[in-house]
J.: 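Can you keep this structure in mind? I'll have questions shortly.
In the text below, chain A, chain B and the rest are named by the order of the sequence lines, each starting its count at 1.
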Amino acid sequence: MSNVRVRFAPSPTGFFHIGSARTALFNWLYARHTGGTFILRIEDTDQARNSEAFLKLIYDSLTWLGMDWDEGPNPDGVGERGAFGPYRQSQRGDVYQKYKQQLLDAGRAYEKDGAVWFKLLGERYKTYDEHRKKEVEKVKTLPVVIDDQIRGRVERQEDEDFVIFRSDGNPVFHFVNVVDDITMQVSHIIRGEDHLSNTSKHVRLYEGFGVTPPVFAHIPLILKSPEMGQGKMSKRDKGALIEEYQQRHFLPEALVNYLSLLGWNPGDNREKMLIADIVSLFDLPAVNQSNARFDGKKLANMNMTYLLEQPADRFVQLARDYFVKQPTGAAVMANEAYFREVLLMAQPKIKSIDELGAYTVYFFTEEFPIDAKVKEKVMAKGDPQARLAELIAALPAMDFSSDAAIEAGIKSLAEGKGLGFGDYQAVARLAVSGTNAGPSITSMFRVLGKERVVARMERFLRTA
RNA sequence: GCCCUCAUCGUCUAACGGUUAGGACAGGUGAUUCUCAUUCAUCAAAUCGGGGUUCGAUUCCCCGUGAGGGCGCCA
């Protein structure tokens, strides 16, 4: 095992969104690529906004996406693993007190207005702050130099003392973040670019503790797609929540694959890749510097590509997971062999699992909808009623033992009337399935069975 | 207002300082299949602007402009 130690440090104050997932992913990829350790740390110091439900969502989302962690709370939330715990900041009060005392003893922190402040070293002066509309005390310091793995050399001036413990006694983010990274021996900090400006604070804190800062790597942000407006993606944007993709039965590996391509590429034209290949190819210097816009269409396409190539058993299992949650689920899955046959017929045709219900409805009930637009179109051409009547007459004698036999049967009927297969196909499909989209008419007939096909045609003729 | 970062088709992106600026998604057109979808073929589509450096700049430098982020006793 290498000495690379990275962490993902979410706070359970809201839904798990796509930006967090991508940050987690890049950390996970780097850990797996280097043979290092991936740590999950829960930043739950903000008691007012924390919730157990959101905490569980973090575990579930990471697990669903296949990002396993080596240290941190256990995925079921009971107990934890790793030698550097506790991994929830709410349980690390003692550690923070100790480090606060260290700063106090060294003269690098002081109390003011009931809060504890970190003290910058240098000459002090007062100046008016245009942004905050008040006079502030600043400190003349040398710029902090950050050698970022993705950005290169970044310089930033840190010129004001800042709070590390609030007057309510709780430590603030910058402080706990640095203390935890020190005590957990984090070697690389991979996080969003929104933290780049905070990094100078963090570096000063490391110096205050007499510790060499870890390697920083600030990854680009995910922006809204153009139709969603301006700015970085937030939880309120459509498609921003991991939970949503889970509910829509996306394939997690497709989502991970898509996310990995937002700000990174393997150096060639490959896009669809095995997770194992992404792990072996991923590296920090290859990460882009510019922000990326989220594109739901490309994600959907990636998901479809994955869906098309799923082995039959996995696809049926995915379908089962979907139908279990549908009100009609029990009826749909009542006959195992029939269910499987219908589903495998649908697999090459659908773009996402959540289309399955509508796509296969007429296989499981007589109460399927008739698409009005399709009906109008089909009925306007030729003499569909006559074709249907001919089919009804010919069907009882037809061989239904195979797709080929059915096809031959319809063809010979058509030839006898001087017509083509196509003259019967559209109206038969409409009468039997209520739509124009579906598997081949022959396999549809065979799976449905002769009686049901004839009955539906008769009913259609009566009501049409 | 101050500070930091970024800038190639609509979007994600590729291109040792030398390419007809490539690929993918989305879009257009056509072919194939009994429908639909897939698939295949094909078309359209970009180096933000201005200065340098250089024989030569998408690539290096500067200035604009635009976009994103930060400036909390939030994380």
J.: Among the candidates B:G23, B:A67, B:A75, find the nucleotide nearest to the side-chain atoms of A:Q230.
T.: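 Nearest nucleotide to the side chain: B:A67.
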J.: Counting side-chain heavy atoms from C-beta on, which of B:C73, B:G70, B:U35 comes nearest to A:K232?
T.: B:G70
J.: Heavy atoms within less than 4.0 Å of RNA chain B: which residues of residues 249-258 of chain A have one? Give them sorted by number.
T.: none
J.: Ignoring hydrogens, what is the shortest heavy-atom contact between A:P439 and A:M345? Give both atom names and the distance.
T.: CB-CG, 3.6 Å
J.: Please list residues of residues 278-294 of chain A whose heavy atoms come under 4.0 Å from any atom in RNA chain B, ordered by number; otherwise none.
T.: A:N288, A:Q289, A:S290, A:N291, A:A292, A:R293
J.: Determine whether more than 12 heavy atoms belonging to other residues, nucleotides or ligands lie under 6.0 Å from atom CD of A:E135.
T.: yes
J.: Looking at every strand, decide which applies to A:E271 at a 4.0 Å heavy-atom threshold: base, sugar-phosphate, or nothing.
T.: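 The residue A:E271 makes base contact.
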J.: OP1 or OP2 of B:G72 sitting under 4.0 Å from any side-chain N/O of A:R132?
T.: yes
J.: Round to a whole Å and report the spacing from NZ of A:K201 to P of B:C4.
T.: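 From A:K201 NZ to B:C4 P: 14 Å.
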J.: Is a side-chain donor-acceptor pair under 3.5 Å present for A:S433 with A:T435?
T.: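 There is no such pair between these side chains.
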J.: Once hydrogens and angles are ignored, does a donor-acceptor distance under 3.5 Å link the base of B:A24 to the side chain of A:K298?
T.: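 Yes, a donor-acceptor pair under 3.5 Å.
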J.: Quick test: give all pairs of protein nitrogen or oxygen and nucleotides 41-43 of chain B nitrogen or oxygen below 3.5 Å, distance rounded to 0.1 Å.
T.:
none

J.: Shortest non-hydrogen contact from A:E43 to A:S11?
T.: O-CB, 2.9 Å
J.: Just checking, is any N or O donor in the side chain of A:R92 or A:T183 under 3.5 Å from an acceptor N or O on the other one?
T.: yes
J.: Does the structure show A:H218 stacking with B:U5, if we require the centres to be closer than 5.5 Å and the planes to be within less than 30 degrees of parallel?
T.: no
J.: Taking the side chain of A:R151 as heavy atoms from C-beta outward, which of B:C6, B:C71, B:G68 is closest to it?
T.: B:C6
J.: For residues 154-180 of chain A, which residues have at least one heavy atom under 4.0 Å from RNA chain B?
T.: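 Close to the strand are A:V154, A:E155, A:R156, A:V163, A:R166, A:S167, A:V172, A:F173, A:H174.
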J.: Between OG of A:S352 and CG of A:L318, what distance do you get to the nearest 0.5 Å?
T.: 12.0 Å
J.: Any donor and acceptor pair, going by atom type alone, linking the side chain of A:T360 with main-chain N or O of A:F363 inside 3.5 Å?
T.: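 Looks like no, no N/O pair under 3.5 Å.
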J.: If you check every side-chain atom of A:Q425, which of B:U35, B:A24, B:A75 has the closest atom?
T.: B:U35
J.: Strictly below 4.0 Å, heavy-atom distances to any atom of RNA chain B: list the hits from residues 346-354 of chain A, or just say none.
T.: A:P348, A:K349, A:K351
J.: What contact category does A:L196 fall into here, base, sugar-phosphate, or nothing, at under 4.0 angstrom with non-hydrogen atoms?
T.: sugar-phosphate
J.: Mark yes or no: A:R22 above the aromatic ring of A:F26, with NZ or CZ under 6.0 Å from the six-membered ring centre and no more than 45 degrees from the axis.
T.: yes
J.: Is A:Y424 reaching over with its side chain to a backbone N or O of A:K411, donor-acceptor style, under 3.5 angstrom?
T.: no
J.: Quick one: ring-ring contact (aromatic ring centres under 6.0 Å, His included) pairs with a partner in residues 127-173 of chain A, sequence neighbours left out?
T.: A:F118-A:F162, A:F165-A:F175, A:F173-A:H195, A:F173-A:H202
J.: Please work out if A:G438 contacts a base, only the sugar-phosphate, or nothing of the nucleic acid, heavy-atom cut-off 4.0 Å.
T.: base
J.: Using atom C1' in both nucleotides, what's the gap between B:A45 and B:U38 to the nearest angstrom?
T.: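 Taking atom C1' in both B:A45 and B:U38, they lie 25 Å apart.
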J.: Using a 4.0 Å heavy-atom cut-off across all strands, classify A:P439 as base, sugar-phosphate, or nothing.
T.: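 It contacts base atoms.
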J.: Can you identify which nucleotide, out of B:G23, B:A75, B:G69, has its nearest atom closest to the A:E193 side chain?
T.: B:G69
J.: Where is the tightest heavy-atom contact between A:N257 and A:M273, given as atom of each residue plus distance?
T.: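 Minimum heavy-atom contact is OD1-N, 2.9 Å.
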J.: Within the structure, does a side-chain N or O atom of A:N265 lie under 4.0 Å from either OP1 or OP2 of B:A14?
T.: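 Yes, such a contact exists.
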J.: Restricting to non-hydrogen atoms, name the atom on A:L259 and the atom on A:I18 that form the minimum distance, rounded to 0.1 Å.
T.: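 That would be CD1-CG1, 3.7 Å.
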J.: Does B:A24 have OP1 or OP2 sitting under 4.0 Å from an N or O in the side chain of A:N301?
T.: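 Negative; the distance criterion is not met.
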J.: Return yes if a side-chain donor-acceptor contact under 3.5 Å exists between A:T199 and A:R191, otherwise no.
T.: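 Short answer, yes.
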J.: Out of B:G70, B:C34, B:C12, which nucleotide sits closest to the side chain of A:R429?
T.: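 Looking only at side-chain atoms, A:R429 lies closest to B:C34.
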J.: In whole Å, measure the gap between the P atoms of B:G30 and B:U35 for me.
T.: 16 Å
J.: Tell whether A:S197 reaches the base of B:C3 with its side chain through a donor-acceptor pair below 3.5 angstrom.
T.: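 Such a pair does not exist between side chain and base.
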